[in-house]
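Labels below follow one simple rule: chain letters A, B, ... track the order of the sequence lines, proteins then strands, and each chain is numbered from 1. Note that the structure is predicted; figures quoted are calculated from it, not measured.
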Amino acid sequence: MKSYKAPRGMRDVLPEEMPAWQRLEATAHRLARLFGYSEVRPPLMEETELFTRSVGEVTDIVEKEMFSLKKGKTSLTLRPEGTAGVVRAYCQAGYAKRDPLQRLYYCGPMWRYERPQRGRERMFTQFGVECIGSADPRLDAEAIQLACRFFEELGLTGLEVRLNSMGDGDDRDRYRDAVRGFFEPKRAELCELCQDRFERNVLRVLDCKNPSCQELAIGAPVVLDFLSEENAAHFADVQVALKSLGREPIVDPGIVRGLDYYTKTIFEIHAPAIGARSAICGGGRYDHLVRDLGGPDVPAVGFAIGFSGTLIMLEELGLMGDLKPVAPDAYVACLTGGDDDAALRREVLCVADELRAAGVSAIFDVDERSFKGQMKAIAKGGYRLAVIVGEDELARGVVQLKDLGAREQTEVPRADLASAAKGLLGG
RNA sequence: GUGGGUAUAGCUCAGUUGGUUAGAGCACCGGAUUGUGAUUCCGGGGGUCGGGGGUUCAAGUCCCCUUACCCACCCCA
């Protein structure tokens, strides 16, 4: 018989791991709402073209990482990132006319066809926010603050905010030309990869880790020198705003985001390195994306945080705590071995159902285990109450109700069980 | 996509230069006066050694292919 496995790079989140995931999700929802952001849930698939338009034709995501499927004439793609769908939803809902400033957030799965590695999966979860409708630098700072708060709420400290500005369209084009002009004479000396980068996205040459390329990059133009007065002022305002929030961003002209739509502010949040990567959050401003996707010309800023990297980091820093799945309140044990086990087995089902109806979560024994075995299982299971039903109790219309924490057991009439159980739990 | 490593019980791993019915710890199940949670002791179930092919009298062990995971690149959350 063939056995089946989850698709490559995709994994099950089992109940054992769920508390950790739910903690991240709860933190994301709570913080986003605290900052006035509203949840939005676009479809998990969009027209392929939406991504090629927004993310950019020559990005790795579009060139080789999209999960796409074709039905008839339409090509759909599982979202490789969240911004495109949110922006599309913003446009489609017509917010620009009725209520242009929207603070939106999402949390859910994304897909990219990449070679899996620790902290990098083909299906992964991101929490992201998008503030659409204003270019106010305070909103850039707000987004960064929100991201930092997320990590801090989870207990991560020593975070590093790296900040840069890409300028706006014109600035960026002039800068790119300058960098191209700078490397043109040295082109042959660049590493093989950078030769390719020179063609595809020359700014990435600045980011190369190859020592000889770094050597060649010394004296290269700095993007910040190319900013218009207005964009430089915006960048300065973002920094001032962050400092007034108590943040100490590091201006790093080397960070270059992989998606084409970014303008002006871009940032990454780094934590103590895990494996190959340390950036656990990336984001920035994208003032023209809404327009480029056919909407009104409104500016926006946002970020995305990956859950797997965050979880790995929490784990390695020992910040997971002792999270365990929550057990039901009560376990209804069945003492079989008498004359009418069938009646007993029906009885435990009914007892559990009565508890549930009263708001006490409960499960009943279905294993053919010894009573001692059941008691062991109950002890390990983390239940607070045990209800024990045997032949004798059934005949007398009572049950044994045991408070597992206090190790005290009392006999209660069936009719009083639910209220007695609630009393023990509530008290 | 490139380079390297790993794959033996549910989990963590032993397995000697190829040589009998493949082991341990933990976990699981049962028992130790027939209806009560710990510890201890005793016993038990469970693996076609990732999958496929090859070499050999003989393969968990050697060779090839394949799949998955891990690490480093690329890139990125």
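Looking only at distances, a side-chain donor or acceptor of A/Arg112 sits under 3.5 Å from a matching main-chain atom of A/Pro80.
B/rA22 and B/rG60: their C1' atoms are spaced 8 Å apart (whole Å). When the C1' atom is compared between B/rU20 and B/rA59, the two are found 14 Å apart, to the nearest whole Å. Remark: the separation of the P atoms in B/rC57 and B/rA72 is 45 Å, to the nearest Å. Between B/rG44 and B/rU6, the distance separating the two P atoms is 36 Å to the nearest Å. Look at the C1' atom in both B/rU12 and B/rU36: the space between them is 33 Å, to the nearest Å. B/rG45 and B/rC29 are spaced 7 Å apart, taking the C1' atom of each and rounding to whole Å. Nucleotides B/rU34 and B/rA38 place their P atoms 16 Å apart, quoted to the nearest Å. Rounded to the nearest Å, the gap between the P atom of B/rG50 and that of B/rU40 is 33 Å.
For A/Gln400, the side-chain atoms get nearest to B/rU36 when compared with the rest of B/rC29, B/rA77, B/rU36. The A/Arg369 side chain lies nearest to B/rG30 when the options are B/rG35, B/rG30, B/rC69. Residue A/Ser370 has its side chain nearest to B/rG30 when only B/rG35, B/rU2, B/rG30 are considered.
When heavy atoms are screened at a 4.0 angstrom cut-off, A/Gly381 is found touching no nucleic acid atom at all. Note on A/Glu16: nothing from the nucleic acid sits closer than 4.0 angstrom, heavy atoms only. If you check every strand for non-hydrogen atoms under 4.0 Å, A/Gln374 touches nothing. Residue A/Leu335 is classed as a base contact, given a heavy-atom separation below 4.0 Å to a base.
Evaluation of the ring pair (Phe, Tyr, Trp, His ring centres under 6.0 Å) test over residues 172-206 of chain A, restricted to residues two or more places apart or in two chains, returns A/Tyr175-A/Phe226. Within the structure, the salt bridge (charged side-chain N to carboxylate O under 4.0 Å, His left out) test picks out no pair touching residues 122-131 of chain A (sequence neighbours left out). Every pair tested for salt bridge (charged side-chain N to carboxylate O under 4.0 Å, His left out) that includes a residue from residues 376-385 of chain A fails, sequence neighbours excluded, so the list is empty. Residue pairs meeting the side chain to side chain donor-acceptor pair (under 3.5 Å) criterion with at least one partner in residues 38-49 of chain A, sequence neighbours excluded, are A/Glu39-A/Arg41, A/Glu46-A/Arg88, A/Thr48-A/Ser75, A/Thr48-A/Thr77. For residues 388-415 of chain A, there are no ring pair (Phe, Tyr, Trp, His ring centres under 6.0 Å) pairs, not counting sequence neighbours. Counting only residues at least two apart or in different chains, ring pair (Phe, Tyr, Trp, His ring centres under 6.0 Å) contacts with residues 26-64 of chain A comprise A/His29-A/Tyr105.
In this structure, A/Ile269 places its CD1 atom 15 Å from C1' of B/rC76, rounding to the nearest Å. The nearest whole Å value for the distance from the OH atom in A/Tyr113 to the C1' atom in B/rC74 is 15 Å. Protein atom CD1 of A/Ile280 is 12 Å distant from nucleotide atom P of B/rA77, rounded to whole Å. Rounded to a whole Å, the CD1 atom of A/Ile378 is 15 Å from the P atom of B/rG35. Atom CD in A/Glu25 sits about 20 Å away from atom P in B/rA77, given to the nearest Å. Between the NZ atom of A/Lys64 and the P atom of B/rC74 there is a distance of 11 Å, rounded to whole Å. Distance CZ (A/Arg115) to P (B/rC69): 10 Å, rounded to an integer number of Å. Atom P of nucleotide B/rC70 and atom CZ of A/Arg120 are separated by 11 Å, given to the nearest angstrom.
A donor and an acceptor atom never sit less than 3.5 Å apart when one is taken from the side chain of A/Glu268 and the other from the base of B/rA77. Remark: the A/Gln409 side chain and the B/rG37 base include no donor-acceptor N/O pair separated by less than 3.5 Å. Between the side chain of A/Arg118 and the base of B/rC71 there is no donor-acceptor pair of N/O atoms closer than 3.5 Å.
Note that the CG atom of A/Leu425 and the CG atom of A/Asp403 stand 8.5 Å from one another [nearest 0.5 Å].
Between A/Phe307 and A/Phe127, the ring centre distance reaches or exceeds 6.0 Å.
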Are there any protein N/O atoms within less than 3.5 Å of an N/O atom in nucleotides 38-46 of chain B, and if so, which ones and at what distance?
none

Anything under 3.5 Å between a protein N or O and an N or O of nucleotides 9-13 of chain B, put it in a table, one pair a line.
none

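OP1 or OP2 of B/rC69 has at least one side-chain nitrogen or oxygen of A/Arg8 nearer than 4.0 Å. Listed pair A/Gln117 / B/rC69 fails the phosphate criterion, with no side-chain N or O lying under 4.0 Å from OP1 or OP2.
Within the 4.5 Å cutoff, the side chain of A/Phe235 has no heavy atoms near those of the A/Pro137 side chain.
Residues that satisfy the side-chain hydrogen bond (donor to acceptor under 3.5 Å, both in side chains) test with A/Thr263, not counting sequence neighbours, are absent from this structure. With sequence neighbours excluded, the residues that form a salt bridge (Lys or Arg N to Asp or Glu O under 4.0 Å) with A/Arg285 are A/Asp140, A/Asp287. Listed by chain and number, the residues in a ring pair (Phe, Tyr, Trp, His ring centres under 6.0 Å) with A/Tyr383 are A/Tyr331 (sequence neighbours excluded).
Remark: RNA chain B takes part in the stems B:1-7 with B:67-73, B:10-13 with B:23-26, B:28-32 with B:40-44, B:50-54 with B:62-66, each of 3 or more antiparallel Watson-Crick or G-U pairs, criterion distances under 3.5 Å.
RNA chain B is contacted by both A/Ala377 and A/Ala304; A/Ala377 maps to the nucleotide lying nearer its 5′ end (nearest heavy atom per residue). Both A/Glu114 and A/Ala6 lie near RNA chain B, and the one whose nearest nucleotide falls closer to the 5' end is A/Ala6.
Side-chain contact annotation: A/Asn231 with A/Asp171, donor-acceptor N/O pair under 3.5 Å present.
With centres under 5.5 Å and a plane angle under 30° as the test, the ring of A/Phe307 is not stacked against the base of B/rA77.
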